[in-house]
Amino acid sequence: MKTATAKLGAVLILAFLGAALNPSHAVEAFPDKYDGKWEAAGPNVRVMRHQDGSRTEFRRSPDDKTLTKKTTGTNGYIKMTAVYKMDANQNPLACKIFDGQGNILYKIRYGYHKKTGQLVAEDMFNARAKFLDDQGRPIPVRRLYYTYDAQGNRSKAIAISPLAGKTAEEVYGNRSTHLHTNPFKR
């Protein structure tokens, strides 16, 4: 009887540990914890916890000139870091994207319409391999252009990629690097 109880206890402990280590069980047990809202973790830090156990953290400098976005995986390791240089209106002017080990991958610059201030262009440069034109100037590996309708609604990006036979979405994904969400913007 004692060994059967010990085996049952061991099975229950293993089942509990398996459920605790499996993020899908945690999500089902605590659905309100991952509601997709920004949590203030201080005056200059916002955190969003995602349903899969990963999280996104935005940290701004006290002078509002730098915004750092860190994405961590379900295991807690940093997957990607993006450091944005911001203008006085809290719009990004430039960005550097790093992998989880801190190696720089891309440099991005943003262009805005002089009169309206709306985003009109986004140029992404590969920081590891230089692509140069005939005059020795860097060529973006991806260029996005935006237009606006009469109501001020931004169009889908017009993407230009120098890689023959592939669309920008196939090479780099379907999202731009521009801040779609800035939890600090007023």
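Computation of the quantities below employed the complete heavy-atom set of this structure, encompassing side-chain atoms and omitting hydrogens, waters and symmetry-equivalent molecules.
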When you compare the side chain of Glu39 with that of Arg49, does any pair of heavy atoms fall below 4.5 Å?
yes
Can you see which heavy atom on Tyr148 is nearest to which on Val120, and at what distance?
CE1-CG1, 4.5 Å
Could you tell me whether the side chain of Ser155 and the main chain of Tyr146 form a donor-acceptor pair under 3.5 Å?
no
All side chain to side chain donor-acceptor pair (under 3.5 Å) counterparts of Thr56, not counting sequence neighbours:
His50
Thr71: what forms a side chain to side chain donor-acceptor pair (under 3.5 Å) with it, not counting sequence neighbours?
none
Roughly how far, to the nearest 0.5 Å, is CG of Asp64 from CG of Asp87?
11.0 Å
Ala41: partners by side chain to side chain contact (heavy atoms under 4.5 Å, CB included), with sequence neighbours left out
Val45, Val47
What's the separation between atom CZ in Phe125 and atom CD1 in Ile108, rounded to the nearest 0.5 Å?
9.5 Å
Thr116: which residues meet the side chain to side chain contact (heavy atoms under 4.5 Å, CB included) condition with it, sequence neighbours left out?
His113, Gln118
Can you pull the salt bridge (charged side-chain N to carboxylate O under 4.0 Å, His left out) pairs that have at least one residue in residues 98-117, sequence neighbours excluded?
Arg109-Asp123
Taking the side chain as every heavy atom from C-beta outward, state whether Leu119 and Asn91 have any atom pair closer than 4.5 Å.
no
Say whether, by atom type as modelled, one donor and one acceptor occur between the side chain of Arg46 and the main chain of Gly42 under 3.5 angstrom.
yes
Of all residues at least two apart in sequence or in a different chain, which pass the side chain to side chain contact (heavy atoms under 4.5 Å, CB included) check with Asp63?
Ser61, Lys65
How is the hydrophobic cluster of Ile104 composed, in terms of its other members, when Ile, Leu, Val, Met, Phe, Trp and Tyr link through side-chain heavy atoms under 4.5 Å apart, directly or indirectly?
Val83, Phe98
Is Tyr112 reaching over with its side chain to a backbone N or O of Pro92, donor-acceptor style, under 3.5 angstrom?
yes
Listed by chain and number, what are the side chain to side chain contact (heavy atoms under 4.5 Å, CB included) partners of Thr72, not counting sequence neighbours?
Arg55, Ile78
Just verifying a value: how many Å separate Arg143 CZ and Ile160 CD1, rounded to the nearest 0.5 Å?
6.5 Å
Heavy-atom check, side chain of Phe58 versus side chain of Trp38, under 4.5 Å:
yes
Using every non-hydrogen atom in the two residues, find where Ile158 and Thr147 come nearest and quote the distance to one decimal.
CD1-CG2, 4.5 Å
Judged by atom type as modelled, is there a donor-acceptor pair below 3.5 Å linking the side chain of Arg60 to the main-chain atoms of Pro43?
yes
Residue list, salt bridge (charged side-chain N to carboxylate O under 4.0 Å, His left out) with Arg137, at least two apart or on another chain:
Asp133
Is the closest side-chain heavy-atom distance between Cys95 and Tyr110 below 4.5 Å?
yes
